[in-house]
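Read the structure below first, then the notes.
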2 protein chains.
Amino acid sequence: MVATKSRQRSTAPGDPARRRLIEAGMKIFAERGFDGTTTRDIASEVGLSPASLYVHFRSKEQLLYVISLGGHQFVDGLVREALEVSDDPAEQMGALAEGVVAGHLDRHDVARVINNEVERLGPDHQDEILRMRGEVTSRIADTIERGIAAGIFDPVDVPVTAVAITSLISDCCRWYRTDDADEVAHIAAQYRRLVLGMLGHREDRSGRGTGLRRAG
Amino acid sequence: MVATKSRQRSTAPGDPARRRLIEAGMKIFAERGFDGTTTRDIASEVGLSPASLYVHFRSKEQLLYVISLGGHQFVDGLVREALEVSDDPAEQMGALAEGVVAGHLDRHDVARVINNEVERLGPDHQDEILRMRGEVTSRIADTIERGIAAGIFDPVDVPVTAVAITSLISDCCRWYRTDDADEVAHIAAQYRRLVLGMLGHREDRSGRGTGLRRAG
DNA sequence: GTCTATAGCGGGATAGAC
DNA sequence: GTCTATCCCGCTATAGAC
């Protein structure tokens, strides 16, 4: 199982109202979508007047941007953590799938927002967020390539497979919504198997991969 | 490769305006989301006044419902077609993955709408559409079970795997947008491999599955 | 940093002529 | 079946007092 730590958001610590607005935005954007959410919804959720939102954020779009940025930093953290567990591409990919899925189910509100509301960002913010998402896919592609080179993954089409894995482990928050930690762990473990299966990695084949480097 | 025929929608044939509104709705809902689309956007796209929409649909939500229903009937058709290619669960699942992905890329506008806008439907319509989506997952689960029974799939967690496959082959329209038929065919073929990999089905293992029934 | 009040605009849907 | 005109409402964002 992969831990889900480092929840830091880009919020100043001494500003509770701002953070509460962010948390409310995550929750309500996830439920109703950006365009289905009013600034009144968010403000009243935290017991503030609609106008107060504009003390902390230039616009409703800016709030979405801050949430999206924090969400992607969270995912980046999950990915980096996973890649550090080993030098073995199969271990890395397994940890990555399991960790990202667990993180997405754990924080399914943010996960839904960063998946579904990217296109509601302004052009510049959208570009930036999509670049961050692209970096996750790049890391996955790189791991696949190392696994193929090590002979422990099938010689799949790398770009398509990297996108498919990104898609699969991100989209889980569309299908599951649970606070049961055991259930989260179970689902995440299954997704690990499924992702390694996509790469043709069988446990009984790992003996073949004598060329792989173990972590120092 | 799997064909993408039977495009019939639930539109009366002698009513071009209604159909044009449906096509416009597919396009614009896909681009901007249901809540980001105005009835004026849709009407002006087909050269009608805003009021004309209400001659053909009770409400904006009703238009979304009609589009969603047609989209799910389209997907249902793809699934049924795929299941008819053979009695071999691996052939069926491969055809299903390839066909659904090809269909989703071919008609990525409808695909995006049925994936992203379900929750904008009213409660009853939403229930109905989610039931249709659930039936697709059920058919996938059934195919997985038959494959496991035949010894050609790994003994995976059936519910989780069925959801994951549904997720993967539906979500492709988030990542790809192309009118190049060759590219569509290539991506769909890759997804076939990936899905069969999730099930632990290797081509070189199919000899093991002597217990499987061939189509009559 | 919070509030009340409101500007300014645009939305879904309807009325009624043609 | 289409139009023009419009109702009525709610939205984002701002002004200005406290």
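Naming: A, B, ... by sequence-line order, numbering from 1 per chain.
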Item to complete: Taking all heavy atoms of A/Ile140 and all of A/Ala162, pick out the closest pair and write down the distance.
Response: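 Closest heavy-atom pair between A/Ile140 and A/Ala162: CG2-CA, 3.9 Å.
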
Fill in: Heavy-atom pair of closest approach, residues B/His104 and B/Ser170
CD2-O, 3.3 Å

Between atom [atom1] in [X] and atom [atom2] in [N], what is the gap in whole Å?
X: A/Leu48; N: C/dT2; atom1: CG; atom2: C1'; result: 8 Å
X: B/Arg18; N: D/dG1; atom1: CZ; atom2: C1'; result: 14 Å
X: A/Leu21; N: D/dA13; atom1: CG; atom2: P; result: 14 Å
X: A/Arg32; N: D/dG10; atom1: CZ; atom2: P; result: 14 Å
X: A/Asp35; N: C/dG11; atom1: CG; atom2: P; result: 11 Å
X: B/Arg58; N: C/dT14; atom1: CZ; atom2: P; result: 11 Å
X: A/Ile28; N: D/dC11; atom1: CD1; atom2: P; result: 12 Å
X: B/His56; N: C/dT14; atom1: NE2; atom2: P; result: 15 Å

Worksheet, complete the sentence: salt bridge (charged side-chain N to carboxylate O under 4.0 Å, His left out) filter on B/Asp76, not counting sequence neighbours, yields none

Fill in: Under-4.0 Å salt bridge between A/Asp157 and B/Arg193
no

Candidates [options] - which lies nearest the side chain of [X]:
X: B/Thr38; options: D/dA13, C/dG11, C/dT2; result: C/dG11
X: A/Lys60; options: C/dC3, D/dA13, D/dG1; result: D/dA13
X: B/Val55; options: D/dG1, C/dT4, C/dG12; result: D/dG1

Worksheet, complete the sentence: Heavy-atom nearest nucleotide on DNA chain D taken for B/Ser52 and for A/Phe34; more 5' hit belongs to B/Ser52

Fill in: A/Arg133 to B/Trp175, cation-pi by 6.0 Å centre distance and 45° axis angle
yes

Practice prompt. Please determine if a side-chain N or O atom of A/Tyr54 lies less than 4.0 Å away from the OP1 or OP2 oxygen of D/dA13.
Written response: yes

Item to complete: Using a 4.0 Å heavy-atom cut-off across all strands, classify A/Gly36 as base, sugar-phosphate, or nothing.
Response: nothing

Worksheet item: Within the structure shown, what part of the strands sits under 4.0 Å from A/Leu53 by heavy-atom distance: base, sugar-phosphate, or nothing?
Response: nothing

Worksheet item: For A/Ala188, which residues count as a side chain to side chain contact (heavy atoms under 4.5 Å, CB included) partner, sequence neighbours excluded?
Response: A/Glu98, A/Val101, A/Ala102

Fill in: Candidate list B/Leu21, B/Ile22, B/Ile114, test side-chain contact (heavy atoms from CB on, under 4.5 Å), partner B/Ile67, passing option
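Testing each of B/Leu21, B/Ile22, B/Ile114 against B/Ile67, the sole residue satisfying side-chain contact (heavy atoms from CB on, under 4.5 Å) is B/Ile22.
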
Enumerate the protein-to-nucleotides 5-7 of chain D contacts in which both atoms are nitrogen or oxygen and the separation is below 3.5 Å.
none

